[in-house]
Every structure is written in C-alpha cells, then in structure tokens.
Enquirer: 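Following this message is one structure expressed as structure tokens.
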Protein chains: 2
Amino acid sequence: MQSERVASRSADQRDSSRESRNGTPQLDAVSLAIIQQLQEDGRRPYAAIGKAVGLSEAAVRQRVQKLLDQGVMQIVAVTDPLTVGFRRQAMVGIHVEGDVESIADVLTDMSEVEYVVMTAGSFDILAEIVCEDDDHLLDVINKRIRALPGVRSTESFVYMKLKKQTYMWGTR
Amino acid sequence: MQSERVASRSADQRDSSRESRNGTPQLDAVSLAIIQQLQEDGRRPYAAIGKAVGLSEAAVRQRVQKLLDQGVMQIVAVTDPLTVGFRRQAMVGIHVEGDVESIADVLTDMSEVEYVVMTAGSFDILAEIVCEDDDHLLDVINKRIRALPGVRSTESFVYMKLKKQTYMWGTR
DNA sequence: TCTGGGGTTGCGGATTTCGCAGATGTGGCG
DNA sequence: CGCCACATCTGCGAAATCCGCAACCCCAGA
C-alpha cells in the first residue's frame with residue numbers, strides 16, 4: 001500500500017497552506033489529484049479517492065472539506081439550462097468607461113448573471129445571462145445592464161445551441 | 001409523512017419520459033426539485049433530498065441515477081482554473097463560412113476547449129479555451145482553430161479575472 | 001533537545017448507499 | 001370493463017461509507 005503513494009511526501013508537496021499573491025491557496029499535487037477524481041464523479045467515495053491518490057480515507061475527507069471551505073472547488077450538479085426550463089441564454093460583451101471592477105461587481109450581484117469575467121480583448125467584461133424567455137432577457141440587458149452608469153455599450157450573443165460544457169481540467 | 005408530498009402525483013407530473021422536439025427529456029417538478037438540491041450540495045444524501053422533495057430515499061436514488069444516465073445533469077467538482085494551474089483562459093469568437101455545426105463539432109473534440117456554443121450574434125460560435133500558458137493558448141488559437149477550413153476569422157478575449165461562476169439555476 | 005502545529009492514520013459507531021422484492025398506478029387493448 | 005405491461009415508488013436488510021476522535025509523525029522554530 002505504501003508503494004502506491006504518488007511520491008515521497010516532501011519539499012514542494014507539503015505546502016498546501018502557502019498563498020499566492022491573489023490570495024488563493026496554492027495546491028499541492030495530492031489535492032490536485034483529489035480534485036481530478038471529483039471532476040470525474042463528484043460523489044466518488046472518499047475511500048476510492050484515497051486509494052487513487054495514496055491517502056487514507058480520513059485524510060481525503062479532511063482535504064476535500066478544506067478545499068470546499070476555502071472555496072477552491074465546489075461539488076455541484078450542473079445541467080444544460082435549456083433542459084431545465086431556461087429558454088434564453090446570452091453572452092454579453094460590455095464596453096466600460098471608468099472602473100471596470102465596480103461594474104463587474106454589480107453584475108455579479110444579479111441573479112440572472114451566471115458568469116462574469118474581465119477580459120483583455122475588445123470587451124472589458126463578458127457576462128453570461130440565463131433567462132426564462134425573451135422578455136426577461138431583453139429586460140435584463142436593456143433595463144438593467146445598459147442602464148448602469150459606466151457602461152458605454154454592449155453587444156449580445158444569444159445562444160442557439162450549447163455544444164459542449166465540461167469540467168475536466170487536468171484530467172486530460 | 002404522506003402529507004409532506006409536493007402534490008398529488010398525477011397529470012402533468014408523471015411524464016418524465018416524454019421528450020421535447022430536441023430529444024432532451026422533459027423534467028417534472030420533482031426532478032427539478034432534486035436537481036435544485038444537488039445544485040446546492042452535490043453530495044447531499046439521498047434521504048435528505050427525499051425529505052425535501054417528498055420522496056423515499058430509494059426513489060430519489062433512482063431518479064438521480066436516471067438523470068445522470070440521460071445526461072440531463074452531472075455531479076462534479078468545479079474550480080477556478082486559475083487556482084488549479086491553468087494560467088491562461090480565453091473566450092474566442094469565431095466567424096464561420098459554410099456549415100457552422102461541423103466546425104463546432106471539431107472544437108468540441110479539442111481537450112483545451114471547455115465550452116462551445118453556437119450563437120445568433122455577430123459571432124457564429126463562442127468557444128472558451130483553457131490553457132497552461134501563453135504559448136499553449138497561442139498554439140491552440142492560431143494553429144488549431146484558425147487553421148480549420150471554414151473558419152473565416154476569430155477574435156480573442158483573454159481572461160484577466162474570473163468574477164463569478166455559479167450553477168444555481170432555478171434556485172433563485 | 002524540547003515544543004508546537006499541521007497533516008495523517010486507524011479506529012468504532014452512526015449514517016448512507018445499494019440491491020431487491022413487493023405494492024401502486026397508469027395506459028393500452030381485446 | 002377486465003387485464004396485462006410498464007414505469008415508478010416503497011420498505012427493508014446487508015454492505016459500504018461517512019464522521020468524529022485520539023494518537024502519531026514530522027518538520028520548524030525556540
């Protein structure tokens with residue numbers, strides 16, 4: 001059993017508490033391996049994960065709990081919104097004048113906004129919106145987003161068909 | 001216990017096997033409620049879910065399994081790729097000439113491509129790319145995507161900061 | 001060398017998962 | 001209307017898993 005260990009646990013491996021400049025904890029190889037296991041199946045038993053990554057069941061459990069508490073990962077059910085009754089989705093590109101981050105914060109607080117990212121492209125912000133129908137979508141884009149002070153202009157990309165949606169980073 | 005039931009199980013509730021035109025199964029209110037529970041916590045015990053939605057533990061288990069098998073939802077760990085060692089992400093807007101769907105299919109098969117959606121905006125396709133560094137990203141965009149026959153032009157939006165990422169549809 | 005703290009391990013006991021057999025209910029058909 | 005076929009739900013043991021806890025290990029600092 002000892003022989004199945006990923007590696008000798010020393011040096012660069014043990015520092016799962018160190019933090020990089022942006023405040024997010026640095027992950028060691030073992031935690032990464034645990035995350036990979038849970039990306040394949042979020043309900044995989046701790047014991048099975050432990051066997052795969054070379055740790056006891058209890059150790060895996062504690063690390064998973066910590067990753068959850070730290071917000072490094074979340075274990076959730078994901079669906080294609082279209083099958084769950086949300087008929088309209090769109091990506092909205094936003095041109096901002098002034099403080100980009102404060103606009104992003106406002107978007108983050110909107111429940112219809114699913115995804116917000118600041119970019120270095122011709123848009124300052126990309127936001128994904130999930131709505132129940134056209135009226136709802138129109139309302140969010142025109143009345144709620146375009147109306148924000150600091151939003152210079154927007155461009156919308158209404159979704160026609162979701163082709164791929166994975167959560168398998170590192171598993172490839 | 002009987003009194004906690006969501007509703008009298010009849011009529012519009014029972015047809016979880018009917019399919020809408022696009023081939024995706026139609027979900028009834030109970031399955032929706034189960035999904036909501038799992039969107040809050042992907043590891044929530046079946047018994048707890050059953051209590052919440054008014055079903056026995058075994059029934060919940062069967063429905064969850066079916067939703068998984070049908071591909072309606074998946075239970076997985078999701079992370080911010082930046083904390084897991086992927087330094088560069090980008091959204092790529094693509095202008096296509098000819099068959100859009102076949103291009104989308106090719107993108108879907110690329111492991112670096114995380115998300116593919118066909119849109120009705122000025123781009124035909126939006127694809128999200130997750131890479132380890134700049135070289136990798138450049139390689140994927142220039143050598144792999146732009147090189148595809150049928151791709152007329154692309155525009156990239158490199159991610160600077162991920163502000164929001166949720167999976168709470170229906171929970172609001 | 002001693003001490004402190006983070007991380008790991010090894011345990012029971014409580015809880016959950018799993019498989020199965022039986023009950024229930026609905027739709028189709030003679 | 002009666003009856004069968006099919007899908008779904010329930011109840012229940014057995015097995016596996018989860019969970020909390022105390023002991024242990026190892027490295028770093030005093």
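The chains referred to below are lettered A, B, ... by the order of the sequence lines, with proteins before strands, and numbering in each begins at 1.
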Enquirer: Report the distance from atom NZ of K51(A) to atom P of dT8(C), rounded to the nearest whole Å.
Expert: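 It is 19 Å, rounded to the nearest whole Å.
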
Enquirer: Once you round it to whole Å, what is the distance between C1' of dT17(C) and CD1 of I75(B)?
Expert: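 Checked: the CD1 to C1' distance equals 13 Å.
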
Enquirer: Can K163(B) and E101(A) be counted as an ion pair, charged N to O under 4.0 angstrom?
Expert: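 Salt bridge flag = yes for E101(A) with K163(B).
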
Enquirer: Under 4.0 Å between a side-chain N or O of K66(B) and OP1 or OP2 of dT8(D)?
Expert: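 Yes, within the criterion.
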
Enquirer: With rounding to the nearest 0.5 angstrom, report the CZ to NZ distance, R61(A) to K66(A).
Expert: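 The distance works out to 15.0 Å.
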
Enquirer: To the nearest 0.5 angstrom, please state how far the CD atom of E155(A) sits from the NE2 atom of H95(A).
Expert: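 Going from the CD atom of E155(A) to the NE2 atom of H95(A) covers 6.5 Å.
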
Enquirer: Distance check needed: dT17(C) P versus Q65(B) CD, whole Å only.
Expert: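 About 12 Å, once rounded to whole Å.
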
Enquirer: Between dT9(C), dC9(D), dC18(D), which nucleotide gets closest to the side-chain atoms of R63(B)?
Expert: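 Selected nucleotide (nearest to the side chain): dC9(D).
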
Enquirer: Could you walk me through whether Q65(B) and D69(B) satisfy the side-chain hydrogen bond (donor to acceptor under 3.5 Å, both in side chains) test, starting with their C-alpha distance in whole Å, then the side-chain angles of each, then the deciding distance to 0.1 Å, before giving a yes or no?
Expert: CA-CA 6 Å; Q65(B) 191 55 51; D69(B) 291 342; 3.1 Å; yes

Enquirer: Rounded to whole Å, please give me the gap between CG in L55(A) and C1' in dC18(D).
Expert: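 That distance rounds to 16 Å.
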
Enquirer: Please figure out whether A48(A) or A58(A) has its closest DNA chain D nucleotide nearer the 5' end.
Expert: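 In this pair, the answer is A48(A).
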
Enquirer: Measure from OH on Y46(B) to C1' on dG19(C) and round the result to the nearest Å.
Expert: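 Computing the Y46(B):OH to dG19(C):C1' distance gives 13 Å.
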
Enquirer: On DNA chain D, compare the nucleotides closest to R44(A) and A59(B); which residue's is nearer the 5' end?
Expert: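 Its nucleotide being nearer the 5' end, the pick is A59(B).
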
Enquirer: Among dC18(C), dT8(C), dC18(D), which nucleotide has an atom closest to any side-chain atom of E57(A)?
Expert: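 The answer is dC18(D), which lies nearest to the side chain.
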
Enquirer: How many whole angstroms separate atom CD of Q62(B) from atom C1' of dG22(C)?
Expert: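 That distance rounds to 13 Å.
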
Enquirer: Measure from CZ on R61(A) to P on dC11(C) and round the result to the nearest Å.
Expert: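 Value for this atom pair: 14 Å.
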
Enquirer: Could you please name the option among dG11(D), dA7(D), dC18(D) that lies closest to any side-chain atom of P45(A)?
Expert: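 Between dG11(D), dA7(D), dC18(D), the one nearest the side chain of P45(A) would be dC18(D).
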
